[in-house]
Amino acid sequence: MKTAFEEYNRIVASIPTEVHLEVDLEMAISNRIYELMTQKGLSKAEFARSIGKRPCEITKWLSGQHNFTVATIAMLSSFFGQPIITVG
């Protein structure tokens, strides 16, 4: 009989590598946005107002479950004056 832990490991192992990488990138982007907000001393509400978004959208961004467009990444990099992500 398999334990729950063994079953969990079997399921996780079956997830394609690109999905693991996608989740890692989503979380890294969310963490970077939070880090830059904190550096500027912005609350979610203040940040949302500053970029013309609703606070609930910022909450989604910070959850790590948002699929950012290149345009949004560029806008955020411009707003913070620092890159959100680097490529290369």
Side-chain angles (χ1 to χ4, degrees):
M1 176 182 220
K2 287 187 176 184
T3 66
F5 185 69
E6 290 170 325
E7 185 64 12
Y8 170 81
N9 285 336
R10 186 193 64 74
I11 291 168
V12 170
S14 71
I15 298 171
T17 302
E18 63 268 20
V19 174
H20 285 283
L21 292 172
E22 179 181 341
V23 171
D24 288 347
L25 284 169
E26 289 169 343
M27 293 308 298
I29 290 168
S30 295
N31 289 341
R32 179 70 173 144
I33 292 168
Y34 181 77
E35 173 188 311
L36 293 171
M37 280 175 49
T38 302
Q39 285 177 6
K40 280 196 167 219
L42 296 171
S43 68
K44 284 191 270 187
E46 292 166 332
F47 177 48
R49 262 192 311 278
S50 296
I51 61 171
K53 302 289 183 184
R54 295 179 310 169
C56 64
E57 188 166 359
I58 303 307
T59 297
K60 183 178 178 184
W61 289 3
L62 297 177
S63 75
Q65 298 178 353
H66 183 74
N67 189 9
F68 290 94
T69 64
V70 172
T72 301
I73 295 291
M75 178 274 293
L76 292 170
S77 296
S78 176
F79 174 80
F80 287 116
Q82 297 183 47
I84 299 297
I85 60 172
T86 55
V87 179

Practice problem: Find out if a path of hydrophobic residues (ILVMFWY) with successive side-chain heavy-atom gaps under 4.5 Å connects I33 to I51. | Solution: yes
Quiz prompt | Common cluster, I84/V23, ILVMFWY with side-chain heavy-atom separation under 4.5 Å | solution = no
Self-check item: Set of side chain to side chain donor-acceptor pair (under 3.5 Å) partners for S77, sequence neighbours left out
Solution: none
Self-check item: side chain to side chain donor-acceptor pair (under 3.5 Å) partners for Q65, two or more places apart
Solution: none
Are any of the side-chain heavy atoms of [X] and [Y] separated by less than 4.5 Å?
{"X": "M37", "Y": "L62", "value": "yes"}
{"X": "F47", "Y": "K53", "value": "no"}
{"X": "I73", "Y": "I29", "value": "yes"}

Self-check item: CA sep, side-chain torsions, deciding dist, call: K40, E46, side chain to side chain contact (heavy atoms under 4.5 Å, CB included)
Solution: CA-CA 10 Å; K40 280 196 167 219; E46 292 166 332; over 6 Å; no
[atom1] of [X] to [atom2] of [Y]: how many Å apart, nearest 0.5 Å?
{"X": "M27", "Y": "S63", "atom1": "CE", "atom2": "OG", "value": "7.5 Å"}
{"X": "L21", "Y": "E26", "atom1": "CG", "atom2": "CD", "value": "11.0 Å"}
{"X": "L42", "Y": "F80", "atom1": "CG", "atom2": "CZ", "value": "6.5 Å"}

Exercise. Dump the intermediate steps for side chain to side chain contact (heavy atoms under 4.5 Å, CB included) on W61 and L76, then the final yes or no.
Key: CA-CA 12 Å; W61 289 3; L76 292 170; 3.7 Å; yes
Quiz item: Can the positive tip of K44 be found less than 6.0 Å from the middle of the six-membered ring of Y34, inside 45° of the ring normal?
Solution: no
Quiz item: Do NZ/NE/NH1/NH2 and the carboxylate oxygens of R10 and E7 come within less than 4.0 Å?
Solution: yes
Quiz prompt | N-O pairing of E35 and R32 below 4.0 Å | solution = yes
For a quick test of reading the model, state the closest non-hydrogen atom pair linking [X] to [Y] and the distance between them.
{"X": "P55", "Y": "A48", "result": "N-CB, 3.6 Å"}
{"X": "S14", "Y": "I11", "result": "OG-O, 2.6 Å"}
{"X": "V12", "Y": "H20", "result": "O-NE2, 3.5 Å"}

Quiz item: Would E22 and N67 satisfy side chain to side chain contact (heavy atoms under 4.5 Å, CB included), going step by step from the backbone distance to the final call?
Solution: CA-CA 9 Å; E22 179 181 341; N67 189 9; 5.7 Å; no
Self-check item: K60 atom NZ, over 12 foreign heavy atoms within 6.0 Å
Solution: no
Practice problem: For the pair S78 (side chain) and A74 (backbone), establish whether a donor and an acceptor sit closer than 3.5 Å, ignoring hydrogens and angles. | Solution: no
Quiz item: So, the side chain of E6 versus the backbone of T3: is there a donor-acceptor pair under 3.5 Å, distance only?
Solution: yes
Quiz item: According to the interplanar angle, ranging from 0 to 90°, do the rings of Y8 and F5 count as parallel (below 30°), tilted (30 to 60°) or perpendicular (above 60°)?
Solution: parallel
